[in-house]
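First the proteins, then the strands, lettered A, B, ... as listed; each starts at 1. Since the structure is predicted, the reported quantities are computational estimates derived from the model, not experimental observations.
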2 protein chains.
Amino acid sequence: MFKEEIPQKSIYRISLYARCLERLHYNKHEMVSSSALATAAGVKPSQLRRDLAYLGTFGTRGRGYPVEALRQAIHEGLGRAKLQPVIMVGAGNLGSALLRYDGFKKEGYEILAAFDAKAAEIGVNDIPVPLHSTDVMAAFIKEHKVALAILCVPGEQAQQVANGLVNAGIQGVLNFSPVVLKVPQEITVNNVDLALELEHLNYFVRK
Amino acid sequence: MFKEEIPQKSIYRISLYARCLERLHYNKHEMVSSSALATAAGVKPSQLRRDLAYLGTFGTRGRGYPVEALRQAIHEGLGRAKLQPVIMVGAGNLGSALLRYDGFKKEGYEILAAFDAKAAEIGVNDIPVPLHSTDVMAAFIKEHKVALAILCVPGEQAQQVANGLVNAGIQGVLNFSPVVLKVPQEITVNNVDLALELEHLNYFVRK
DNA sequence: TAGATTGTTAATCGATTAACAATC
DNA sequence: TAGATTGTTAATCGATTAACAATC
């Protein structure tokens with residue numbers, strides 16, 4: 001039997017459901033209906049049920065879903081191991097800021113180290129993880145079997161650095177550089193384009 | 001005649017085209033074909049042409065698009081004034097980092113000021129704009145007619161702060177808090193959920 | 001049993017793409 | 001004119017939603 005492929009958008013939402021379930025669990029809820037969970041996640045109940053159906057069936061008709069069991073099932077379904085190692089590439093303004101952001105750790109991702117072409121010039125005490133020169137990046141990735149990288153280098157260098165990441169075996173890149181990266185199709189790139197987000201918002205401001 | 005409504009996704013892409021056109025202009029290209037521009041933006045030529053069609057017709061059959069004129073037409077079409085004022089709400093790790101990020105200014109957005117509940121405790125010299133207490137936020141928004149806010153407060157406070165923003169007249173929120181904000185439907189919220197992005201990437205890593 | 005709520009289907013909606021006539 | 005490339009339509013594809021039978 002073939003497992004139907006899960007749409008990318010569903011994956012985002014399913015992760016979001018897991019987070020909502022954590023909160024419900026924390027608040028001592030044991031069961032939750034698709035309607036209540038959907039409201040918490042800002043989606044329609046039918047969409048929630050459709051999304052969950054990609055992973056399996058977890059509810060009981062007439063009663064709803066068991067909060068904690070569903071949370072766990074989602075984590076397993078999405079293949080989340082305990083603590084995923086990640087590296088940060090580029091330790092300028094944005095990169096060094098994200099290193100201090102605690103939201104990643106909370107969700108189970110640990111940034112092992114940061115790499116920067118100008119590593120020598122950057123104050124080490126601003127940064128909570130080891131900072132290395134980009135020269136040793138590939139070796140580090142292989143040694144620690146790192147699969148995920150956060151890319152925060154200036155646009156002009158982004159493609160070149162990305163090539164290095166791919167060659168070293170990185171499989172997923174969270175790209176903050178305002179550049180469209182060309183990578184082999186088996187590599188996943190998620191773009192977070194901050195200026196584009198503002199641009200988009202601005203469009204909806206009535207003038 | 002009714003102007004067809006532009007899909008949200010098209011708006012993102014159109015902004016991206018504008019950025020590619022800037023680069024082409026900088027490199028002294030005067031004309032560009034839909035196929036070349038599409039490659040630069042990582043989309044299909046037919047999609048590019050479809051997107052542009054929402055704004056008008058700018059090309060010449062057989063020759064392509066005039067780089068600079070198209071860039072300007074896009075900026076006008078998306079209703080971009082010169083320098084849009086923005087405020088930053090929350091000056092913790094992420095917020096203060098984004099204040100130092102120069103990508104916003106580059107695209108024509110100026111962060112006027114930052115607000116934080118604990119403004120008094122934060123070192124002012126880390127921050128390149130005036131930092132105020134959240135108490136005076138509403139007055140500032142009204143006085144400076146600010147329409148856009150970047151929200152970087154902890155999840156627990158996000159909804160409450162967002163309510164304050166909406167009441168003060170903010171029309172668009174770029175939300176970095178890992179929380180689904182409930183706002184009136186005329187307010188636009190763009191969510192940038194960093195942990196969710198990593199989660200999504202991780203799903204595609206072959207285990 | 002009656003009420004509630006899931007799992008799933010089928011209908012709808014919207015976005016992408018291929019294709020090509022128009023035309024420079 | 002021949003070649004190139006747009007603007008636009010129609011076909012395709014995929015995602016969302018309403019609806020409801022299954023069933024606790």
Side-chain angles (χ1 to χ4, degrees), chain A residues 1-17 20-21 24 29-71 73-74 77 180 185 200 203, chain B residues 1-17 20-21 24 29-71 73-74 77 180 185 200 203:
Chain A
M1 168 220 169
F2 282 102
K3 190 87 158 282
E4 198 179 352
E5 196 166 318
I6 312 181
Q8 301 233 356
K9 285 186 175 182
S10 296
I11 295 169
Y12 276 105
R13 287 191 299 259
I14 291 170
S15 299
L16 183 58
Y17 305 152
C20 295
L21 287 164
L24 287 167
H29 289 79
E30 304 208 333
M31 295 294 282
V32 65
S33 68
S34 63
S35 135
L37 186 52
T39 304
V43 303
K44 299 248 162 108
S46 53
Q47 181 164 61
L48 168 70
R49 297 201 299 271
R50 182 85 246 266
D51 285 338
L52 292 180
Y54 289 112
L55 256 34
T57 74
F58 309 104
T60 308
R61 288 165 200 241
R63 323 202 84 258
Y65 301 89
V67 171
E68 181 54 14
L70 179 57
R71 207 212 84 237
I74 288 179
V180 180
Q185 47 91 217
H200 180 258
Y203 177 77
Chain B
M1 168 219 169
F2 282 102
K3 192 87 159 283
E4 198 179 352
E5 194 167 320
I6 312 180
Q8 302 234 356
K9 286 186 173 181
S10 295
I11 293 169
Y12 275 105
R13 287 191 300 259
I14 292 170
S15 298
L16 183 58
Y17 305 151
C20 296
L21 287 165
L24 287 166
H29 289 79
E30 303 207 334
M31 294 293 284
V32 65
S33 68
S34 62
S35 135
L37 186 51
T39 304
V43 304
K44 301 248 162 107
S46 52
Q47 181 164 62
L48 168 70
R49 297 201 298 273
R50 184 84 247 266
D51 284 339
L52 292 181
Y54 289 112
L55 255 35
T57 76
F58 309 104
T60 308
R61 288 163 200 242
R63 321 201 87 258
Y65 301 88
V67 171
E68 181 54 12
L70 180 56
R71 206 213 85 236
I74 289 178
V180 180
Q185 47 91 216
H200 180 257
Y203 176 78

Round to the nearest Å and state the distance from [X] atom [atom1] to [N] atom [atom2].
X	N	atom1	atom2	value
B:K44	C:dA19	NZ	P	11 Å
B:Q47	D:dG14	CD	P	14 Å
B:Y12	C:dT16	OH	P	14 Å
A:F58	C:dG7	CZ	P	9 Å
A:I6	D:dT16	CD1	C1'	17 Å
B:L52	C:dA15	CG	P	17 Å
A:M31	C:dT6	CE	P	9 Å
A:L48	C:dG7	CG	P	10 Å

With heavy atoms under 4.0 Å as the rule, sort B:S46 into base, sugar-phosphate or nothing.
base
Which part of the nucleic acid, if any, lies within contact of A:R49, taking any heavy atom under 4.0 Å across all strands shown: a base, the sugar-phosphate backbone alone, or nothing?
base
Closest nucleotide among C:dG7, D:dT6, C:dC24 to the B:R63 side chain
C:dC24
When you measure from the side chain of A:R50, which nucleotide among C:dT6, C:dT9, C:dT17 comes out closest?
C:dT9
Whom does D:dC24 pair with, Watson-Crick or G-U wobble, provided both distances fall under 3.5 Å?
C:dG3
Provide the Watson-Crick or G-U wobble partner of D:dA19, both distances under 3.5 Å; none if there is no partner.
C:dT8
Let me know which of B:R13, B:K44, B:K9 forms a salt bridge (charged side-chain N to carboxylate O under 4.0 Å, His left out) with B:D51.
B:R13
Nearest atoms (heavy-atom pairs only) where B:E5 meets B:Y54
O-CE2, 4.0 Å
Measure across B:A73 and B:F58 and return the closest heavy-atom pair with its distance rounded to 0.1 Å.
CB-CE2, 3.5 Å
Check whether any side-chain N or O of [X] sits under 4.0 Å from OP1 or OP2 of [N], and answer yes or no.
X	N	answer
A:Y65	C:dG7	yes
A:S34	C:dT6	yes
A:Y54	C:dG7	no

Measure the spacing between CD1 of A:I11 and OG of A:S15 and express it to the nearest 0.5 Å.
7.5 Å
Approximate separation, where rounding is to 0.5 Å, of B:L21 CG and B:H29 NE2
11.5 Å
Test for a donor-acceptor pair under 3.5 Å between the base of D:dT5 and the side chain of B:R61, counting only N and O atoms.
no
Per nearest nucleotide of DNA chain D, the residue lying toward the 5' end, A:G62 or A:P7, is A:P7
Let me spell it out: for each of A:D51 and A:T60, pick the nucleotide of DNA chain D with the closest heavy atom. Which residue's pick is nearer the 5' end?
A:D51
